[in-house]
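A quick write-up on the structure given underneath.
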Amino acid sequence: MTATDDPGIRSVAVVLSGAGARGAYEAGVLSTLLPHLARAGITPDLYVGTSAGAINAAVVASAAHLPPTEQATALLDVWRGIASADVFRPVLRTAPITVGYWLGQLLGVPGVRLFSLLDTSPLRETAARRVPWEQLRTNVDAGRTALAIVATSVANQRTVVFVDRRSTADLPPSDDARPIDYMATRITAEHLLASAAIPVLFPAVRLDDPQVASGWHMDGGLRLNTPLKPALSLGADAVIVLGTHPVDHPASSPSGTADLHRPDVDDALVQLIDAALVDRMVEDVQTLTTVNELVEGGGQRTSGRRPLTVVPWLFFGPDERRTLGALAAASFDQRYGRRPGTWQTLRHPDLLLLGRLLGGTGPRRGDLMSYLFFDTGFIEAAIEQGQQDASTVLTGAAPGTLPWRTRGVPGTGGGVVAGR
C-alpha cells in the first residue's frame with residue numbers, strides 16, 4: 001500500500017497515547033487531521049494505540065473503508081455517546097461490595113480478594129458494541145489498514161504489542177532493552193479491555209489469543225503509554241503522534257517564583273502520572289530527532305541489523321500540561337457549581353463524587369479527574385480543544401502538504417522549533 005505520494009515514505013503510522021476520558025481530545029485531533037491527510041494524498045496504513053488510544057485506533061481502523069470525513073464522524077459519534085455508565089457501574093452502588101471484598105481480604109477470608117475498585121463490566125459491552133468488529137476484520141484482511149494494541153503482561157511485566165495485519169510474517173523480534181514483545185493475533189474487544197485496564201481502578205483482563213501470550217494483562221500505559229518505538233519497529237517510514245500533553249518538559253521557574261502551594265495527595269498523583277506517562281513520550285520524540293540529526297549529518301547509519309533512516313514526524317498535543325485538567329475542572333464547575341442542586345446530585349452522583357475526590361485544588365486542578373471524567377461537557381470541550389490544536393499545527397502548510405519535522409527540539413503548540 002502506498003501511504004503517501006512522497007516516494008520516500010511508504011508507510012505512515014498514527015501513534016495514539018493512553019489517556020482515559022482524555023481520549024476525546026485525540027478524537028478531536030483526528031477529526032481535523034484525517035481530512036487534511038487525504039488532501040495531502042496520505043493514507044495511514046498503521047494505527048498503534050494504548051488504552052484510550054487503542055480504542056481510538058480500533059474505531060478509525062474499522063472505518064478505513066470510509067471517506068476521511070466519515071471516519072472522523074464515526075469516531076466523534078463514539079465519544080459523544082459515552083458516559084460514565086458506559087465505562088463503569090455506579091460507584092455508590094458498587095462501593096458496599098467493594099468495601100466488603102476489601103475487608104474480607106484484609107481479614108484473610110479464604111477465596112475473597114479485591115481485584116479492582118471499579119466494576120468495568122459496562123466497558124466490555126461498550127467495546128463490543130461501539131467498534132464494528134466484522135468491518136475491522138474486513139479492512140485488515142483487505143490490506144486497507146493494520147492495527148497494533150499495547151498492553152502489559154502481569155506475568156513478566158513486559159510490554160506486549162498485539163499486531164493485527166494482513167501479513168503477520170516477519171514481526172519484529174522481542175526488544176529486551178525496552179522490553180517489548182510482538183504477538184500476531186486477531187484483535188478483539190478483550191484486547192482493548194486489557195490495554196485500558198488501569199491498575200487498581202480497573203481489573204486485569206485475561207487473554208488467551210495468541211496462546212503464546214496467554215495470561216493476565218493490564219494497561220499498556222504502565223510501560224509504554226505512547227508506542228512510538230513499536231510503530232517504527234513495525235516498518236513505519238513516518239509517524240504522527242497524538243498525545244494529551246505537550247511534547248516538551250516544563251520550563252524552569254525563575255528564581256523567587258516557586259509555587260507556594262503545599263502539594264496534597266492529588267498533586268502527588270499528578271506528578272506520578274507525568275513521570276510514568278508523559279516524560280517517556282518526550283524522551284522518545286527527542287531520541288527520534290537526535291537520530292534524524294545523526295543520520296542527516298552522515299553519522300551512524302545502522303542500529304544492530306537495521307539501517308537507520310530519517311523518519312519524518314508530526315506531533316499533536318496541548319500547549320501546556322494543565323490544559324485538559326483545566327477543561328475538566330471548568331466543566332465540573334459549570335455542571336455543579338459550588339453548591340450543586342438536588343436534581344444535579346441525583347442525576348450525576350458519580351461525577352459529583354469523582355470531582356470531589358479527584359478534583360484537586362493545586363495548580364493542576366482537574367488533571368487527575370480528567371482521566372475518568374466521562375462528562376458530556378468535558379468530552380465536547382476536549383474534542384474542540386483537539387480540533388483547535390490540530391488546526392494550529394496544520395496552519396501554514398502548503399496546500400496538499402504536511403509540515404513534517406525531522407530535526408529540532410520539541411516546542412510548544414504541538415510542534416517543533418525547527419523543521420524539515
Check your understanding: Nearest 0.5 Å, what's the CG-OG1 distance between Leu277 and Thr244?
Key -> 8.0 Å
Exercise for review: Any chance you could measure Ile383, atom CD1, to Gln388, atom CD, to the nearest 0.5 Å?
Suggested key: 14.0 Å
Review point. Please walk me through it: do Ser17 and Glu26 pass side-chain hydrogen bond (donor to acceptor under 3.5 Å, both in side chains)?
Key: CA-CA 8 Å; Ser17 302; Glu26 295 178 346; 4.6 Å; no
Check your understanding: Of all residues at least two apart in sequence or in a different chain, which pass the ring-ring contact (aromatic ring centres under 6.0 Å, His included) check with His191?
Key -> Phe162
Point to revise | Nearest heavy-atom neighbours spanning Ile149 and Ile187 | key: CG1-CD1, 3.4 Å
Exercise for review: Indicate yes or no: does Asp266 engage Arg364 in a salt bridge with an N to O separation below 4.0 Å.
Suggested key: no
Practice item. Before giving the answer on side-chain hydrogen bond (donor to acceptor under 3.5 Å, both in side chains), spell out for Gln135 and Asn139 the whole-Å C-alpha distance, their side-chain angles and the decisive distance to 0.1 Å. Key: CA-CA 6 Å; Gln135 186 61 57; Asn139 290 343; 3.0 Å; yes
Review point. Quick one: does Asn292's side chain have a donor or acceptor within less than 3.5 Å of a partner on Val311's backbone?
Key: yes
Point to revise | Note: Arg321-Asp279 ion pair, threshold 4.0 Å (strictly below) | key: yes
Exercise for review: Nearest 0.5 Å please: distance from the CG atom of Leu269 over to the CG atom of Leu358.
Suggested key: 8.5 Å
Check your understanding: Does Asp86 reach the main-chain N or O of Ala83 with its side chain, forming a donor-acceptor pair under 3.5 Å?
Key -> yes
Study note, to complete from the structure: Smallest heavy-atom separation, Thr69 atom then Pro35 atom, equals CG2-CG, 4.2 Å
Review point. Can you list every salt bridge (charged side-chain N to carboxylate O under 4.0 Å, His left out) pair that touches residues 184-194, not counting sequence neighbours?
Key: Arg124-Glu190, Asp141-Arg186
Review point. Nearest heavy-atom pair of Met183 and Ala213: which atoms, and what distance?
Key: CG-CB, 4.0 Å
Practice item. Using side-chain contact (heavy atoms from CB on, under 4.5 Å) as the criterion, list what pairs up with Ala21, not counting sequence neighbours. Key: Phe374, Phe378
Practice item. Examine distances only and state if a side-chain atom of Ser31 and a backbone atom of Gly28 form a donor-acceptor pair shorter than 3.5 Å. Key: yes
Check your understanding: Is Arg365 salt-bridged to Asp333, cutoff N-O under 4.0 Å?
Key -> yes
**Study point:** 4.5 Å side-chain heavy-atom contact, Val241 and Trp313
**Key:** no
Practice item. Output the distance between atom CG (Asp375) and atom CE (Met369), rounded to the nearest 0.5 Å. Key: 8.5 Å
Practice item. Test Gln71 against Leu34 for side chain to side chain contact (heavy atoms under 4.5 Å, CB included), laying out the working first. Key: CA-CA 8 Å; Gln71 295 177 31; Leu34 290 173; 3.9 Å; yes
Practice item. Check side-chain contact (heavy atoms from CB on, under 4.5 Å) between Asp175 and all other residues, then give those that pass, not counting sequence neighbours. Key: Ala177, Arg178, Ile180, Lys229
Point to revise | For the student: nearest non-hydrogen atoms of Arg130 and Pro132, plus distance | key: O-CD, 3.6 Å
Review point. Taking 4.0 angstrom as the limit, do Arg206 and Asp208 come out as a salt bridge?
Key: yes
Study note, to complete from the structure: Looking only at heavy atoms, the pair that brings Ala57 and Leu16 closest together is CB-CD1, 3.8 Å
Check your understanding: Is it true that atom CZ of Arg322 has more than 12 heavy atoms of other residues, nucleotides or ligands lying nearer than 6.0 Å?
Key -> no
**Study point:** Ser153 OG to Trp216 CH2 distance, which is reported to the nearest 0.5 Å
**Key:** 12.5 Å
Exercise for review: Begin from the C-alpha positions of Asn56 and Tyr47 and carry the test side-chain hydrogen bond (donor to acceptor under 3.5 Å, both in side chains) through to its verdict.
Suggested key: CA-CA 9 Å; Asn56 285 333; Tyr47 288 90; over 6 Å; no
Check your understanding: Among all residues two or more places apart in sequence or in another chain, which pass the side-chain hydrogen bond (donor to acceptor under 3.5 Å, both in side chains) test with Arg158?
Key -> Asp176, Asp181
Exercise for review: To the nearest 0.5 Å, tell me how far Asp248 CG sits from Gln286 CD.
Suggested key: 8.5 Å
Review point. Taking the six-membered ring of Tyr371, is the NZ or CZ of Arg22 close enough (under 6.0 Å from the centre) and on axis enough (within 45°)?
Key: yes
Point to revise | Side-chain donor or acceptor of His36 paired with backbone N/O of Thr401 under 3.5 Å | key: yes
Check your understanding: Is the count of non-hydrogen atoms from other residues, nucleotides or ligands lying under 6.0 Å from Arg80 atom CZ greater than 12?
Key -> yes
Check your understanding: Considering only heavy atoms from C-beta outward, does the side chain of Leu352 approach that of Phe332 to under 4.5 Å?
Key -> yes
Check your understanding: Hey, does Phe316 have a side-chain heavy atom less than 4.5 Å from the side chain of Leu394?
Key -> yes
Check your understanding: Asp164 side chain to Leu147 main-chain N or O, any donor-acceptor pair under 3.5 Å?
Key -> no
Point to revise | Check: Gly215 main-chain N/O paired with His217 side-chain donor or acceptor under 3.5 Å | key: yes
Revision key, fill the gap. Those residues at least two apart in sequence (or on a different chain) that pass side-chain hydrogen bond (donor to acceptor under 3.5 Å, both in side chains) with Asn225 are none
Check your understanding: Please walk me through it: do Asp237 and Ser11 pass side-chain hydrogen bond (donor to acceptor under 3.5 Å, both in side chains)?
Key -> CA-CA 5 Å; Asp237 300 304; Ser11 174; 5.2 Å; no
**Study point:** Residues Thr323 and Gln385: side-chain donor-acceptor under 3.5 angstrom
**Key:** no
Practice item. Determine the minimum heavy-atom distance between Val131 and Ala58, stating which atoms define it. Key: CG1-O, 4.1 Å
